[in-house]
Amino acid sequence: MDTLDLFDVRALDAADPMCDAGRRFVRPQGLTYLDGNSLGAAPTAALARMQAAVAEEWGGDLVRGWNGRDWIGAPARIGGKIARLIGAQPNEVIVADSTSVNIFKLLVAALKRQAPRRVILSEPGEFPTDLYVSQGVAATLPGVSLRLAERGVAEAIDETVAVVLLTHVHYRTSARRDLAAITAKAREAGALVLWDLSHSAGALQVDLAAAGVELAVGCGYKYLNGGPGAPAWLFVAEHLQSGLSSPLSGWMGHDDPFEFGDVYRPATGMDRFLCGTPPVLSMLALECGVDQFAGVDMAALEAKTARLTGLYVDQVEGRCAGHGLQLITPRQPEGRGAHVSFTHPAAFAIVQALIARDVIGDFRAPDVLRFGFAPLYTRYEDVWRGVEALADVLETGAWKEERFQARARVT
Ligand SMILES: *Cc1c(COP(=O)(O)O)cnc(C)c1O
């Protein structure tokens with residue numbers, strides 16, 4: 001592909017159907033942000049919403065806000081808005097806890113339903129929290145074990161497997177799995193699948209109903225733009241809801257929390273997957289993030305993801321050849337998510353040198369450079385700037401400077 005110039009990419013931005021949505025985000029002057037896959041950008045509306053929530057709702061309404069401002073309805077209300085983004089019904093999604101905690105709740109609920117099967121099946125190299133929570137569940141429940149399929153999960157599903165736990169888009173390589181095919185394979189063998197959609201909801205067109213998915217979780221602070229540490233969501237297909245019970249049987253999941261009775265009785269529907277009091281301020285910030293998708297066509301969103309990532313791959317390969325970058329992301333747009341990763345022995349220092357040039361991507365141990373292209377607000381101009389800076393850092397060897405070698409606590 002030909003090398004693009006600033007004029008070309010600005011023309012692409014002018015013709016972008018997501019152009020207006022992109023303007024509704026805070027865009028720090030001079031910053032090229034290619035890390036929406038780690039922490040989504042702030043919607044401008046969130047600033048005013050947070051101020052009003054603190055000053056008027058918390059400050060003025062105080063405890064009256066639970067009913068008066070419907071704080072109590074936030075988990076289901078926001079879940080209902082996320083549902084449209086993932087091809088679910090509004091009554092199949094609820095916002096609660098973190099992704100890690102939701103994985104725990106659904107894994108344990110699934111294992112209980114699937115007795116006497118006792119195996120959680122996943123793959124080596126999956127997102128750490130998914131594997132760690134599975135290990136914790138295995139260490140807590142008698143007879144449960146985590147099996148890691150070395151050669152493909154689909155082939156390893158058999159009649160001993162209770163639940164398969166997989167990410168839809170891999171956090172490191174961006175490889176996208178076939179939701180429908182793996183779900184169908186598992187169902188044939190009598191296993192459930194818990195999908196982690198942290199890197200797909202808000203970045204791709206996901207249709208859980210069409211794919212026959214029954215269980216899923218996902219993150220609120222990445223492509224849903226809910227802010228640092230935003231609450232996560234979980235999905236349970238309607239037909240399965242009454243057959244699953246949460247091991248974290250807290251009062252917010254009770255059929256009537258304000259009955260204040262002594263005996264737990266799960267709520268009907270998704271409310272049963274709540275545990276404690278929702279973090280209202282964080283919920284309202286997440287709602288602003290999710291609201292930015294209003295009116296956005298998910299097919300057009302996925303098309304933009306494919307175009308941004310494809311352009312980045314082509315331009316990096318054209319401009320940065322011979323510097324030792326290895327693409328580890330699939331080349332077919334249907335086979336990847338919204339980030340692009342390369343390996344390089346000096347990945348960490350290269351990412352630091354880019355950050356010093358106000359181009360934010362991230363590093364994933366041990367040798368991955370990862371760049372995210374959140375389709376709602378990333379511009380083609382950002383792609384171009386990201387490529388220019390990377391080419392410059394590699395050509396000048398700027399990454400070799402001492403100051404780019406030191407690692408902080410969060411990488
Ligand atoms: C980001 C991410 C999470 C986040 O988990 P939290 O408990 O919300 O911090 C979980 N799974 C995957 C695949 C992720 O990418």
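Every value quoted in this text rests on a predicted model; they were computed, and no experiment measured them. Just so you know, ligand 1 is whichever comes first in the structure, and atom 1 is the first atom listed for that ligand.
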Aromatic plane relationship, Tyr312 with Phe371 - under 30° parallel, 30 to 60° tilted, over 60° perpendicular:
tilted

Show me, by chain and number, every protein residue that has a heavy-atom distance under 4.0 Å to ligand 1.
Ser98, Thr99, Ser100, Phe127, Thr129, Asp130, Thr167, Asp196, Ser198, His199, Tyr221, Lys222

Looking only at heavy atoms, which two atoms of Ala181 and Asp178 are closest? And how far apart?
N-OD1, 3.0 Å

Could you tabulate the donor-acceptor pairs under 3.5 Å formed by side-chain atoms of residues 42-64, not counting sequence neighbours?
{"residue": "Thr44", "atom": "OG1", "partner": "Arg24", "partner atom": "O", "Å": "2.8"}
{"residue": "Arg49", "atom": "NH1", "partner": "Glu57", "partner atom": "OE2", "Å": "3.1"}
{"residue": "Arg49", "atom": "NH2", "partner": "Glu57", "partner atom": "OE2", "Å": "3.2"}
{"residue": "Glu57", "atom": "OE1", "partner": "Trp71", "partner atom": "NE1", "Å": "2.8"}
{"residue": "Asp61", "atom": "OD2", "partner": "Arg69", "partner atom": "NE", "Å": "2.5"}
{"residue": "Asp61", "atom": "OD2", "partner": "Arg69", "partner atom": "NH2", "Å": "3.1"}
{"residue": "Arg64", "atom": "NE", "partner": "Asp61", "partner atom": "O", "Å": "3.1"}
{"residue": "Arg64", "atom": "NH2", "partner": "Gly60", "partner atom": "O", "Å": "2.8"}

Kindly check if the number of other-residue, nucleotide or ligand heavy atoms within 6.0 Å of NZ (Lys112) is above 12?
no

Using the ring of each side chain (for Trp, its six-membered ring), is Tyr377 parallel, tilted or perpendicular to Phe25, with breaks at 30° and 60°?
tilted

Any ion pair linking Asp16 and Arg379 (charged N to carboxylate O, less than 4.0 Å)?
no

